[in-house]
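Here's the structure we're looking at; comments come further down.
A note on names: the letters A, B, ... follow the listed sequences, proteins ahead of strands, and every chain is numbered from 1. Keep in mind that what you see is a predicted model, and the values were worked out from it rather than measured.
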Amino acid sequence: MAQKVTPMSEDYSRWYTDVVQMAELADYAPVKGCMVIRPYGFALWENMRDHLDRMIKETGHVNAYFPALIPESFMKKEAEHVEGFAPECAVVTHGGGKKLEEPLVLRPTSETIIYHMYAKWVMSYRDLPILINQWANVFRWELRPRLFLRTLEFLWQEGHTAHATYEEAEEETLKMLEVYRVFAEEVLAIPVYPGAKSDSERFAGALRTYCIEAMMQDGKALQAGTSHNLGQNFAKAFDLVFQDKDGETRHAWNTSWGVSTRMVGAVVMMHGDDNGLILPPRIAPIQAVIVPIYSSDEDRAAVFQAAETLKKRLASAGVRVHIDARDQHKPGWKFAEWEQKGVPLRIEIGPKDVAKSQVVLARRDTKEKAPIPTEEAIALLPGKLGEIQGDLFERARKFRDEHTHVVDDYEDLKKIVEKGGFAFAHWDGTRETEAAIKEETKATIRCIPFEEGAEPGRCVRSGNPSKQRVYIARAY
RNA sequence: CGGGGCGUGGCGCAGUCCGGUAGCGCACCUGCUUUGGGAGCAGGGUGUCGGAGGUUCGAAUCCUCUCGCCCCGACCA
C-alpha cells in the first residue's frame, strides 16, 4: 500500500487495476489470465454470495455440486453450444501418467453434465420441476484477461432447472432475472437495465437470453447477470424426457442462469473514486473502522478502552466493526489506507474525544467528517449505513440516467458511444444492422428492454421500421 | 492472433546507447523522538540483473535464441 491510484480521468483501465490491487482484493497469479482472490476480496465476494444464495433458496432452489471435468463428447452434443464454447475450452488430455482415451473438458459452464444427470433422475412429470443451483469455478480460455472482469478461471453460481412446460420455464427464466435485478440494485447498489439479448448475443444453445446491464463510470456497459430459457435444446441432446400426465413421453424444458465474480469488478467500477474503493455497506467486509489516536501511554490505554467498548456495542447492533490497532502507522496513514479499501464509515477516537464522550465520524463516499456524541453515534450508525447504501444507489442511477440518451440520428449515436454512454435507439431487429452498428461504432446492442421504448419508429441505422428502442453501448 | 512496452533486492524504478566494484526510492529490522490526513533522524539486512548459449581479460550492458508478464485492438460473464 502507501501508494496512490492512477486518477480515473487519466486512465480508467489503470485506475481500475490500481484500485483492485491496492485495496488488496486480488493479485495476479503465476499463470497468465489467472488471479488470486485475496482475503479482503474474498470476504467481499462471500458477502455477495451469501446474499444471493439466500435469495436463490428463497425462490425454491437447492444447492448441489457437479464435477469440473466433463467428457469432451458431452460438449459436442448440442450444436450451437459446441460452436459457442469450443474456442475457449481448456482440455485435459492426460491423467495418471497416461494419455486419456477421451479428453476431458474443464467446464466452461455445466449445462451438458447437468442435463445428462437430470436425464437419469427424471422419469415422470412428478419428478419435475428440478430446481438446482451450484456454486462453482469455471474455465474459459480468454485471450485478454482483466482482474475479476475476464479471467481464465472464475467463480460463479449457475442455476439449472428442468420443467414440464415451456410456460413454466419461461416464468422461471424471468423470475431469476428479477432476482438478479433486485440483488444488483438493493444489495450492490448498482442500477441495471433488464432486458433480452439479441440473437447474436444469445447464449450458445439457448432459445432466449435475458440479462441485466449496468453502466460503469466510463460509460461502458457491463453485463451483470444472465438468465437463459434453453427451450428443449439440451433436453433433446441429452435425452432428458419424462412421461406426462397423458402418458406421452416429452422432452423437458430447461433454464440456466448465472452471476459471477465479475460482479466484484462491477462494484469497484460502479462506486470507486480517485481515492480507491467505495463499498456499499450491505456487502462491505468491514462497515466501520475505528482508528484510535494517541501519543502517551495513558492516552493510548484510555483510547483503546473507549474503542473496545464502542466496538462491542456496535457489533451487538449488527455492525461489522474493526479496530485498527496497529502501532506502526500514524492515523493519517490509516485514514488513507481504509479509504483505499472502501470502508463506508471511519470512526476516529482520540484523547479529546474520550474527554468529551464523543467520536469523530467520517463518511467514505461524501468525505463528510464531524464529531458526534458517542451514544448518539451508536444509535444512529446502523441507519447511517442504510443511508449510505441508498445514496450510492441514487448517485449511480443519476449517473446512468444522465449518460443514457434517446437518439434518432446515427451520427449522434456514434458520438455518444464514443464518449461513453448508452444510446436508446430504434433498431430494425435484423442481425445485419446489428453487425453494421458494431462494425462502425464498436458498440453492441446491450439489451432489448421489456416495456420502455416500445413505440414504433425508424431504425437509427437502416431507416427501416422498428417496433422498439434498444440500449446500445460499448461493453466490457 | 496483430501492435506496443517491460523483465535488475519484497514492491516501484535508474543503470543498457558508449562493457570495468550493482545503485535509488518505498517497504522491512533496531533505537530514539513522534501520532487529529500517508512522521523525522541514526544505524542495519536484502540481489543467481527472467533463462540458455555466445563474444570478451572482463557482460545487467554487445550478439543469438528462448520464456514470461503488462497495456492497446478482433471474441467473451
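Among the heavy atoms of the strands lying under 4.0 Å from A:Gln223 are primed sugar atoms or P, OP1, OP2 only; no base atom is included. Using a 4.0 Å heavy-atom distance criterion, A:Thr261 is classed as making no nucleic acid contact. Residue-level contact check: A:Thr444 touches neither bases nor backbone, having no heavy atom under 4.0 Å from any strand. At the heavy-atom level, A:Pro351 lies under 4.0 Å from base atoms of the strands shown. Residue A:Arg346 is in base contact, counting any heavy-atom pair closer than 4.0 Å across all strands shown. At a threshold of 4.0 angstrom between heavy atoms, the contacts of A:Asp353 include nucleobase atoms, whether or not backbone atoms are also involved. Counting non-hydrogen atoms under 4.0 angstrom, A:Leu149 reaches a base of the nucleic acid.
Out of B:rC75, B:rG38, B:rG36, the shortest distance to the side chain of A:Trp333 is found at B:rG38. Comparing B:rC76, B:rC71, B:rG36 by their closest approach to the side chain of A:Thr17 singles out B:rC71. Nearest to the side chain of A:Glu142, among B:rC76, B:rG37, B:rG36, sits B:rC76. Comparing B:rC71, B:rC75, B:rA39 against the side chain of A:Tyr28 picks out B:rC71 as the nearest. Comparing B:rG36, B:rC75, B:rA39 by their closest approach to the side chain of A:Lys352 singles out B:rG36.
B:rA52 and B:rG9: their C1' atoms are spaced 23 Å apart (whole Å). Annotation: B:rU61 and B:rU8 have their P atoms spaced 14 Å apart (nearest Å). B:rA22 and B:rG50: their P atoms are spaced 15 Å apart (whole Å). Spacing of P atoms, B:rU55 relative to B:rA60, comes out at 16 Å, to the nearest Å. B:rG45 and B:rG7 have their P atoms separated by 27 Å, with the value rounded to a whole Å. Nucleotides B:rG40 and B:rU35 are separated by 12 Å at their C1' atoms, to the nearest Å. Taking atom P in both B:rU21 and B:rG37, one finds a spacing of 47 Å when rounded to whole Å. Rounded to whole Å, the C1' atom of B:rG36 lies 23 Å from the corresponding atom of B:rC32.
Rounding to the nearest 0.5 Å places NZ of A:Lys414 at 4.0 Å from CD of A:Glu411.
For the pair A:Asp324 CG and B:rG38 P, the interatomic distance rounds to 16 Å; values are reported in whole Å. Atom pair A:His329:NE2 and B:rC28:P shows a separation of 6 Å (rounding to whole Å applied). The CG atom of A:Leu143 sits 15 Å away from the C1' atom of B:rC70 (whole-angstrom rounding). Taking atom CD on A:Glu80 and atom P on B:rC76, their separation rounds to 13 Å, with Å as the unit. In this structure, A:Gln328 places its CD atom 14 Å from C1' of B:rG38, rounding to the nearest Å. Spacing between atom CD of A:Gln21 and atom C1' of B:rC26 amounts to 16 Å, rounded to whole angstrom units. Whole-Å rounding puts the A:Lys220 NZ to B:rC72 P distance at 8 Å. A:Lys197 has its NZ atom 11 Å from the C1' atom of B:rC76, to the nearest Å.
Sorted by residue number, the members of residues 285-297 of chain A with any non-hydrogen atom under 4.0 Å from RNA chain B read A:Ile293, A:Tyr294, A:Ser295. Looking at residues 359-376 of chain A, you'll see A:Val360, A:Lys369 sit with a heavy atom under 4.0 Å from some atom of RNA chain B.
Aromatic ring pairs are classed by plane angle as parallel below 30°, tilted from 30° to 60° and perpendicular above 60°; the pair A:Phe154 and A:Trp156 is perpendicular. Under the 30°/60° scheme for interplanar angles, the aromatic rings of A:Phe234 and A:Tyr115 are found to be tilted.
Judged by atom type and distance alone, A:Arg140 does not reach the base of B:rC76 through any side-chain donor-acceptor pair under 3.5 Å. Not a single donor-acceptor contact under 3.5 angstrom links the side-chain atoms of A:Glu339 to the base of B:rG38. Donor-acceptor pairing under 3.5 Å, judged by distance alone, is present between the side chain of A:Gln340 and the base of B:rG38.
The 5' end of RNA chain B is approached more closely, in terms of each residue's nearest nucleotide, by A:Cys34 than by the other of A:Cys34 and A:Glu201. Along RNA chain B, the nucleotide nearest A:Lys442 and the nucleotide nearest A:Phe335 are compared for position; the residue whose nucleotide lies closer to the 5' end is A:Phe335.
Annotation: A:Phe238 is in aromatic contact with A:Phe74 [ring centroid separation under 6.0 Å]. Between A:Phe203 and A:His81, the ring centre distance stays below 6.0 Å.
Judged by a 6.0 Å distance limit and a 45° cone about the ring axis, A:Arg146 is not positioned over the six-membered ring of A:Tyr476. A cation-pi arrangement is found for A:Arg300 relative to A:Phe304, the charged atom lying closer than 6.0 Å to the ring centre and inside a 45° cone about the ring normal. Because its NZ or CZ atom is both nearer than 6.0 Å to the ring centre of A:Tyr193 and within 45° of the ring axis, A:Arg400 counts as a cation-pi partner of that residue.
For the residue pair A:Glu339 and A:Asn275, no side-chain donor N or O sits within less than 3.5 Å of a side-chain acceptor on the partner. With hydrogens and angles left out, the side-chain atoms of A:His116 and A:Glu111 include no donor and acceptor closer than 3.5 Å. In the model, A:Tyr12 has no side-chain atom that pairs as donor or acceptor with a side-chain atom of A:Thr6 under 3.5 Å.
With sequence neighbours left out, the side chain to side chain contact (heavy atoms under 4.5 Å, CB included) criterion links A:Asp324 to A:Val289, A:Arg326, A:Lys334, A:Trp338.
Legend: salt bridge (Lys or Arg N to Asp or Glu O under 4.0 Å) pairs involving residues 62-75 of chain A, not counting sequence neighbours, sorted by first then second residue: A:Glu72-A:Lys76. Annotation: salt bridge (Lys or Arg N to Asp or Glu O under 4.0 Å) contacts involving residues 202-222 of chain A, sequence neighbours excluded, comprise A:Glu80-A:Arg202, A:Glu170-A:Arg208, A:Lys197-A:Glu213, A:Asp199-A:Arg202, A:Glu213-A:Arg446.
Stretches of at least 3 consecutive Watson-Crick or G-U wobble pairs, with each checked distance under 3.5 Å, appear in RNA chain B as B:1-7 with B:67-73, B:10-13 with B:23-26, B:28-33 with B:39-44, B:50-54 with B:62-66.
For A:Lys330 and B:rG36, the shortest distance from a side-chain N or O to OP1 or OP2 is below 4.0 Å. Note on A:Arg144: a side-chain N or O is less than 4.0 Å away from OP1 or OP2 of B:rG73.
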side-chain contact (heavy atoms from CB on, under 4.5 Å) assessment of A:Ile437 paired with A:Tyr410: CA-CA 9 Å; A:Ile437 291 172; A:Tyr410 196 50; 4.0 Å; yes

